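Structure, as structure tokens:
Residue numbers start at 1 and run along the sequence shown. Treat the numbers as computed from the prediction; the structure is a model and nothing was measured.
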Amino acid sequence: MQSFDLDKTDVSKIKAALGRSDEELKVILEEYHASEIAILFESLTKEDRQRIINLLSVEIASEVISEMHEESHPEELLLQLHPDKRTEIVEELDYDDATDIISQLEEHEQKEILGDLSEDDASSIRNLLSYHEETAGGLMNTEFIRINLNLTKKDAIDEIIRQSEEIEEFYTVYVIDDENTFQGIVSLKDIIKAKGNVKITELVKAEVAWVHPDTDQEEVARLISQYNITSIPVLDNDMKLLGRVTFDDVIDVLEDENTEDILKISGVSEDEELSGNWIEAVKSRLPWLILNLGTAFLASGVIRHFEPTIKLIEVLPAYMTIIAGMGGNAATQALAVTVRRISLYDLTDNQAYRTVLKEVTVGLINGAVTGLIVFLFAVFFDSNPMLGLVIFLAMTGNLLIAGITGAGIPLILKRVGIDPAIASSIIITTFTDVFGFLLLLGLASKLLL
């Protein structure tokens, strides 16, 4: 199956079908996978989404709602449905998916939905709602396969078959003792391949990665990636199994975290929805622009200080934009690499030092090369070798500063407990602008006048 890209043809096809009978619409919907319908929902009205969900089987409808992006607000769609249909869909959802959706509702709305569920389902979801959504507890699914380590191969297979009737998918079998304490994992493949009537205790793998329910979701994702596993168990302080976090949930986490980091580096609040309206965008971005405006006055102050120099050497403003622009771009490159390293690894002092040293070296070399290019430009087009030397020194110095600030500032912010993705871009832009202008205009004042 190829990946599905939202196409105008598909949207037009669905919208045209919405103008026909329910039977005709159902025929068209059968051409699409549940995840594709979820993507198409982004282009449909609330009323059209509700009509389609009511036409789909409970199995397909629950999958569509679970695949909907958070910004499409699946919780609102769920709330619009008839209580009977809504209850059937929620009961069909995995507990972690149901919890993610219900958690977005107001407390009285949550109570309304949970009140219609069976006691077991409602209790499981309430338990998951007690965990912060960005922790392992908020991600975990409480449905999993567990077997006693004293079972024989035959009894273990029978028990797995029995439990799997209630679970849609499972990747790992968890092993517990008579006290329900976690003992490790065993693969279904190892159980099937085992000879004779061997006991599970001989097959269990005890040294495995696991997390507490309050472990941050980024750490969960890192562990699953590091150990190349399909799921990771969630254990309480007494080593009792609470649930599991699967790789498909981690994929969503990584996507959300990457989006959040990109928005932060760009000076956009993580609270701004990508599909939000202009009012939300203004509220989110204006404070950062005002802060940036304040730092821009520093660069402007440098220019005002050297105003006599600029009047005497009229060509300088043309090169000022080049110096500042190159410094900003170089600093952003160093910042992006450093923030990514911080998000992936807990850097030691030595690793942090090597990170800064690397970016300083890169900045010095790139500054010298680009500075030489601009030097040659000044020599041939402005017939002024001394001007070229000034620009060369300013370019080299500013890209050196770009490397230092681009790598050093996020590391410093991390050490003092500030998210480096939030404030770094504004700070490094100020540094490269101020020092870029200061180097160029200061050297011009000393060497050219």
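One side chain, T152 or D155, offers a donor N or O that lies under 3.5 Å from an acceptor on the other. Donor-acceptor pairing under 3.5 Å is lacking for the side chains of N329 and T332.
At least one side-chain heavy atom of N148 sits less than 4.5 Å from a side-chain heavy atom of D178. Within the 4.5 Å cutoff, side-chain heavy atoms of L79 are placed close to those of I113. Residues D48 and K15 are not in side-chain contact: their nearest non-hydrogen atoms beyond the backbone lie 4.5 Å or more apart. By the 4.5 Å heavy-atom criterion applied to side chains, T172 and F144 are not counted as neighbours. Side chains of I176 and Y174 form no contact here, defined as non-hydrogen atoms less than 4.5 Å apart. The closest side-chain heavy-atom distance from V175 to I185 is not below 4.5 Å. The side-chain heavy atoms of I89 and I53, taken from C-beta on, include a pair separated by under 4.5 Å. Put simply, the side chain of L400 reaches to within 4.5 Å of the side chain of V360, judged on heavy atoms.
Counting only residues at least two apart or on different chains, the ring pair (Phe, Tyr, Trp, His ring centres under 6.0 Å) pairs with a member in residues 175-223 are W210-H212. For residues 17-26, every residue pair satisfying the side-chain hydrogen bond (donor to acceptor under 3.5 Å, both in side chains) rule, not counting sequence neighbours, is listed here: S21-E24, D22-R51. Within the structure, the ring pair (Phe, Tyr, Trp, His ring centres under 6.0 Å) test picks out no pair touching residues 95-133 (sequence neighbours left out). For residues 195-206, there are no side-chain hydrogen bond (donor to acceptor under 3.5 Å, both in side chains) pairs, not counting sequence neighbours. The salt bridge (charged side-chain N to carboxylate O under 4.0 Å, His left out) pairs that include a residue from residues 108-128 are R86-E112, R86-D116, E107-K111, where partners are two or more places apart or lie in different chains. Residue pairs meeting the side-chain hydrogen bond (donor to acceptor under 3.5 Å, both in side chains) criterion with at least one partner in residues 394-413, sequence neighbours excluded, are absent.
In this structure a side-chain-to-backbone donor-acceptor pair under 3.5 Å is missing from S225 to A221. The backbone N or O of I167 sits nowhere less than 3.5 Å from a side-chain atom of S164 that would complete a donor-acceptor pair. Under a 3.5 Å cut-off, the side chain of N54 and the backbone N or O of Q50 do form a donor-acceptor pair. No side-chain donor-acceptor contact under 3.5 Å links K240 to the backbone of N180. With hydrogens and angles ignored, the 3.5 Å screen pairs no side-chain donor or acceptor of H73 with any backbone N or O of E75. Without hydrogens or angle criteria, D236 side chain to M239 main chain gives a donor-acceptor distance under 3.5 Å. In this structure, the side chain of S103 engages the main chain of D100 through a donor-acceptor pair within 3.5 Å. A distance-only check finds no donor-acceptor pair linking the side chain of S72 to the backbone of E42 [under 3.5 Å]. A donor-acceptor pair is defined here as one N or O able to donate and one able to accept, closer than 3.5 Å; such a pair exists between the side chain of S62 and the backbone of V58. One N or O on the side chain of Q110 and one on the backbone of I102 form a donor-acceptor pair closer than 3.5 Å.
Remark: K46 pairs with E76 by the salt bridge (charged side-chain N to carboxylate O under 4.0 Å, His left out) rule, at least two apart or across chains. For D177, there are no salt bridge (charged side-chain N to carboxylate O under 4.0 Å, His left out) partners at least two apart in sequence or on another chain. Scanning for ring pair (Phe, Tyr, Trp, His ring centres under 6.0 Å) contacts around F431 gives F435, with sequence neighbours left out. Scanning for salt bridge (charged side-chain N to carboxylate O under 4.0 Å, His left out) contacts around K154 gives D158, with sequence neighbours left out. Residues forming a ring pair (Phe, Tyr, Trp, His ring centres under 6.0 Å) with Y353 (at least two apart in sequence, or on another chain): none. Under the salt bridge (charged side-chain N to carboxylate O under 4.0 Å, His left out) criterion, R354 pairs with no residue, sequence neighbours left out.
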request  = Run the numbers on I404 and E359 for side chain to side chain contact (heavy atoms under 4.5 Å, CB included), then give the verdict.
outcome  = CA-CA 7 Å; I404 295 172; E359 295 302 333; over 6 Å; no
Audit row: M140, R244, side chain to side chain contact (heavy atoms under 4.5 Å, CB included) steps and yes/no = CA-CA 5 Å; M140 72 179 178; R244 58 177 177 144; 6.0 Å; no
query = After noting the C-alpha distance and the side-chain angles of L114 and L129, does the key distance pass the side chain to side chain contact (heavy atoms under 4.5 Å, CB included) rule?
reply = CA-CA 11 Å; L114 294 176; L129 285 170; 4.2 Å; yes
request  = Please assess L242 against L235 for the test side chain to side chain contact (heavy atoms under 4.5 Å, CB included), listing each intermediate value before the final yes or no.
outcome  = CA-CA 6 Å; L242 298 175; L235 311 179; over 6 Å; no
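Residues T338 and G406 come closest through the heavy atom pair OG1-O, 3.8 Å. Here the closest heavy-atom approach between residue A136 and residue V220 is recorded as CB-CG2, 3.7 Å. Annotation for L139 and D96: closest pair O-CB, 3.5 Å, computed over non-hydrogen atoms. Nearest heavy atom pair, residue V434 against residue A299, reads CG2-N, 3.8 Å. Shortest non-hydrogen contact noted between P233 and L241 is CB-CD2, 3.8 Å. Contact between A394 and L439 at its shortest, heavy atoms only, is O-CD1, 3.9 Å.
By the neighbour-count criterion of 12 heavy atoms within 6.0 Å, atom NZ of K358 is sparsely surrounded, having that number or fewer from other residues, nucleotides or ligands.
Considering CG of D190 and CD1 of I200, their distance stands at 9.5 Å, rounded to 0.5 Å. Going from atom CG of N127 over to atom OG1 of T99 covers 8.5 Å, rounded to the nearest 0.5 Å.
Ion pairing between E31 and K13 holds under the 4.0 Å rule for side-chain N and carboxylate O. Using a cut-off of 4.0 Å between Lys/Arg side-chain N and Asp/Glu carboxylate O, E159 and R162 are scored as salt-bridged.
If you run side chain to side chain contact (heavy atoms under 4.5 Å, CB included) between V186 and each of L149, I191, I160, only I191 comes through.
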